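Worksheet: the structure to be examined is printed underneath.
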Amino acid sequence: MTRPAAGLCDSCRHQQLVPNTRGSVFSLCGRSRIEPERFDRYPRLPVLGCEGYEPAGAGRGRA
Ligand code: SF4
């Protein structure tokens, strides 16, 4: 499977990787589900700055 580097999203706890049937993987922003007015479902990559960024494995809940 191939996918472009997603920048900040690659280390963000809100990133979800979504494979398609052609072998590509898309970087989905989980925050778009609860705040769609602030976050694109599939942000333009690479994401270099994001006010919603939270490091994976840090803070509350699951990583
Ligand atoms: S919150 Fe920002 S850095 Fe995190 S997955 Fe969404 S767009 Fe990427």
Side-chain angles (χ1 to χ4, degrees):
M1 286 199 246
T2 59
R3 69 181 178 92
L8 269 184
C9 299
D10 280 335
S11 61
C12 179
R13 66 195 301 267
H14 300 293
Q15 184 193 53
Q16 295 171 23
L17 296 177
V18 181
N20 74 2
T21 56
R22 289 176 296 183
S24 296
V25 178
F26 294 91
S27 179
L28 185 153
C29 175
R31 290 196 76 154
S32 67
R33 292 205 170 101
I34 48 176
E35 298 177 275
E37 71 284 356
R38 290 180 67 200
F39 300 97
D40 289 334
R41 186 172 173 84
Y42 293 103
R44 186 175 173 190
L45 305 181
V47 172
L48 301 178
C50 178
E51 60 187 20
Y53 174 77
E54 293 182 86
R60 63 204 180 280
R62 72 178 175 83

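All heavy atoms count here, side chains included; hydrogens, waters and symmetry mates do not. The structure displayed is predicted, hence computed values, not measured ones. One-based numbering, in listed order, for ligands and for the atoms of each.
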I need the contact residues for ligand 1: any residue with a non-hydrogen atom closer than 4.0 Å to the ligand, ordered by chain then number. Cys9, Cys12, His14, Gln15, Cys29, Arg31, Pro43, Cys50, Gly52, Tyr53
List in chain and number order the residues that pass side chain to side chain donor-acceptor pair (under 3.5 Å) with Asp10, two or more places apart in sequence or in another chain; answer none if no residue qualifies. Arg3, Gln15
Sorted by chain and number, sequence neighbours left out, side-chain contact (heavy atoms from CB on, under 4.5 Å) with Tyr53 holds for Leu8, Ser11, Cys12, Cys50, Pro55
For the residue pair Gln16 / Arg41, report whether a side-chain donor-acceptor contact shorter than 3.5 Å exists. no
Would you give the length of the straight line joining atom CZ of Arg31 to atom CZ of Arg38, rounded to the nearest 0.5 angstrom? 5.5 Å
In the structure I gave you, are the side-chain heavy atoms of Pro43 and Cys9 within less than 4.5 Å of one another anywhere? yes
Residues clustering with Val18 (ILVMFWY side chains joined when closer than 4.5 Å, directly or via others): Phe26, Leu28, Tyr42
